[in-house]
Each structure stands twice: as C-alpha cells, then as structure tokens.
Visitor: 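Submitted below is the structure of interest, expressed as structure tokens.
Note that the coordinates shown come from a computational prediction; the quantities given were computed from them, not determined experimentally.
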Amino acid sequence: MEQRDQFVTADRLGEIEELCGAASPGPWYVRTLDDESAMGLVAVSTTPDTGRAERWPDFDAREIVAATLVQQPRYVDVADERWDENAAFIAMAREAVPQLVAEVRRLRDLHFGPDEG
C-alpha cells in the first residue's frame with residue numbers, strides 16, 4: 001500500500017471545502033439566550049454573545065446557526081450535558097476546518113508536489 005493511501009483523498013478534501021463554502025459565513029460565536037418557550041438556549045450564532053442572555057424577540061433568530069440546548073420544551077439536548085462544549089466546537093469548526101483543509105493541501109504539495117496531492 002502506498003503511503004498516501006492512508007490520507008484523506010483530494011476528492012474528499014474538495015467535498016469538505018464545498019461544504020464549508022456552502023455554510024453560513026463565519027466567524028460563528030457561542031451565545032447563551034433565553035425566552036419563555038426555549039429557556040436556557042445555548043446556540044451558535046453569526047453574531048457575538050452580549051452576555052445579557054437576551055430573551056426572544058430581543059435577539060434575531062435568523063442569526064442562529066445551530067442550538068445545542070433548548071431546555072423548555074426539552075427538544076434540543078444531549079445526554080452527556082456538554083451543551084457549551086459542543087457549541088464551542090461547532091463555532092470553532094467554522095474557521096478551523098477550512099484552515100485545516102488548506103494546511104493538508106500545503107503539506108501534500110510539499111511532500112508529493114503540487115500535481116500529486
């Protein structure tokens with residue numbers, strides 16, 4: 001088996017780049033929000049957290065990319081209770097994944113040459 005067979009293929013890197021390009025533009029931020037229907041909302045947003053735990057309609061729902069916790073009713077939840085950690089990971093991934101793809105391509109070019117990676 002050739003060494004490069006163990007790596008992510010160039011096609012897969014292209015698929016990852018395509019997904020990144022199709023997603024809402026970054027950066028993304030973790031926000032702690034609240035409302036009487038969705039109390040304790042941990043969300044990923046296109047705008048930074050204000051620290052005020054705004055209640056809807058004082059935040060624009062169109063800024064929310066994802067939620068990792070909606071307490072009431074409890075319809076977005078995770079058994080291990082890592083809502084904050086999961087939101088931080090999702091927000092970080094918006095910028096980190098494209099950077100990692102670019103770094104993999106750069107390293108491949110160094111190792112295999114620009115036409116081989």
Side-chain angles (χ1 to χ4, degrees):
M1 171 162 57
E2 202 174 313
Q3 180 184 7
R4 58 186 271 190
D5 289 343
Q6 64 184 319
F7 299 130
V8 175
T9 66
D11 287 344
R12 181 64 178 141
L13 287 173
E15 292 170 4
I16 294 168
E17 283 180 316
E18 189 175 318
L19 285 172
C20 291
S24 297
W28 290 350
Y29 307 91
V30 176
R31 291 183 68 186
T32 304
L33 303 168
D34 203 13
D35 73 35
E36 60 191 26
S37 298
M39 67 182 200
L41 174 62
V42 177
V44 178
S45 174
T46 57
T47 58
D49 190 67
T50 65
R52 295 190 309 256
E54 296 94 346
R55 292 180 152 262
W56 190 87
D58 294 332
F59 65 87
D60 188 346
R62 295 172 297 179
E63 298 168 347
I64 305 302
V65 175
T68 58
L69 175 65
V70 177
Q71 285 186 325
Q72 183 61 37
R74 203 164 193 92
Y75 59 86
V76 176
D77 198 354
V78 66
D80 65 8
E81 300 183 356
R82 293 182 186 184
W83 314 291
D84 297 338
E85 294 87 348
N86 292 340
F89 176 79
I90 294 167
M92 176 271 313
R94 180 64 190 101
E95 293 184 333
V97 171
Q99 291 170 338
L100 290 170
V101 169
E103 180 65 4
V104 167
R105 288 190 188 281
R106 185 186 75 78
L107 293 172
R108 279 189 173 179
D109 288 350
L110 286 174
H111 187 71
F112 297 115
D115 296 329
E116 300 295 321

Visitor: State plainly whether one hydrophobic cluster holds both Met92 and Trp28, where clusters connect Ile, Leu, Val, Met, Phe, Trp and Tyr through side-chain heavy atoms under 4.5 angstrom apart.
Guide: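 No: no chain of side-chain contacts under 4.5 Å links Met92 to Trp28.
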Visitor: Do Leu110 and Val104 share a hydrophobic cluster, counting only Ile, Leu, Val, Met, Phe, Trp and Tyr and linking them when any side-chain heavy atoms are less than 4.5 Å apart?
Guide: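 No; tracing contacts between hydrophobic side chains, which count when under 4.5 Å, never links both residues.
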Visitor: Starting from the C-alpha separation in whole Å, work towards a yes-or-no answer on side chain to side chain contact (heavy atoms under 4.5 Å, CB included) for Cys20 and Arg94.
Guide: CA-CA 7 Å; Cys20 291; Arg94 180 64 190 101; 4.0 Å; yes
Visitor: With a 4.5 Å limit on heavy-atom distance, are the side chains of Asp49 and Tyr29 in contact?
Guide: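 In short, these two side chains do not touch, never coming nearer than 4.5 Å.
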Visitor: Taking Leu33 as the starting point, is it possible to reach Val65 by hopping between hydrophobic residues whose side chains are less than 4.5 Å apart?
Guide: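 No, no single cluster joins them.
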Visitor: Let me check something: do Val97 and Leu19 share a hydrophobic cluster, defined by ILVMFWY side-chain heavy atoms less than 4.5 Å apart, either directly or through other members?
Guide: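 No, it is not one cluster - the side chains of Val97 and Leu19 are not joined through contacts under 4.5 Å.
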Visitor: Side-chain contact, heavy-atom cut-off 4.5 Å: Pro48 with Arg31?
Guide: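 Pro48 vs Arg31: side chains apart.
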Visitor: If you look only at distance, which donor and acceptor atoms sit under 3.5 Å apart when one is on a side chain in residues 84-91 and the other is two or more places apart or in another chain?
Guide:
from	atom 1	to	atom 2	distance (Å)
Asn86	ND2	Arg82	O	3.1

Visitor: Taking it one step at a time, do Asp77 and Arg74 satisfy salt bridge (charged side-chain N to carboxylate O under 4.0 Å, His left out)?
Guide: CA-CA 7 Å; Asp77 198 354; Arg74 203 164 193 92; 2.4 Å; yes
Visitor: Which heavy-atom pair separates Ala67 from Leu41 by the least distance, and what is that distance?
Guide: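 In terms of heavy atoms, the two residues are closest at CB-CD1, 3.8 Å.
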Visitor: With no hydrogens and no angle check, is any side-chain donor or acceptor of Asp34 less than 3.5 Å from a backbone partner on Glu54?
Guide: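 Between the backbone of Glu54 and the side chain of Asp34 there is no qualifying donor-acceptor contact (under 3.5 Å).
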Visitor: Flag yes if Val44 and Val70 sit in one hydrophobic cluster, no otherwise; membership is Ile, Leu, Val, Met, Phe, Trp, Tyr, and two members link when side-chain heavy atoms are under 4.5 Å apart.
Guide: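 Different hydrophobic clusters.
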Visitor: Considering only heavy atoms from C-beta outward, does the side chain of Leu13 approach that of Arg105 to under 4.5 Å?
Guide: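 Yes, side chains in contact.
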Visitor: I need the Glu63 CD to Thr46 OG1 distance, nearest 0.5 Å.
Guide: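 If we round to the nearest 0.5 Å, Glu63:CD and Thr46:OG1 are 5.0 Å apart.
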Visitor: At their closest point, which heavy atom of Pro27 faces which heavy atom of Glu95, and how far apart are they?
Guide: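 Looking at all heavy atoms of both residues, the shortest contact is CB-OE2, 3.1 Å.
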Visitor: Do Glu17 and Arg12 have side chains that approach each other closer than 4.5 Å (heavy atoms only, starting at C-beta)?
Guide: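 The answer is no, as the side chains (C-beta and beyond) never meet within the 4.5 Å cut-off.
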Visitor: For a 4.5 angstrom cut-off between non-hydrogen side-chain atoms, does Gln99 reach Val101?
Guide: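 Side-chain contact under 4.5 Å: no.
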Visitor: Nearest 0.5 Å please: distance from the CD atom of Gln71 over to the CH2 atom of Trp83.
Guide: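 If I round to the nearest 0.5 Å, the distance is 6.5 Å.
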Visitor: Thinking salt bridges, do Asp109 and Arg106 make one under a 4.0 Å N-O criterion?
Guide: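 Answer for the salt bridge query: no.
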Visitor: I'd like to know whether CD of Glu18 has more than 12 heavy-atom contacts from other residues, nucleotides or ligands below 6.0 angstrom.
Guide: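 No.
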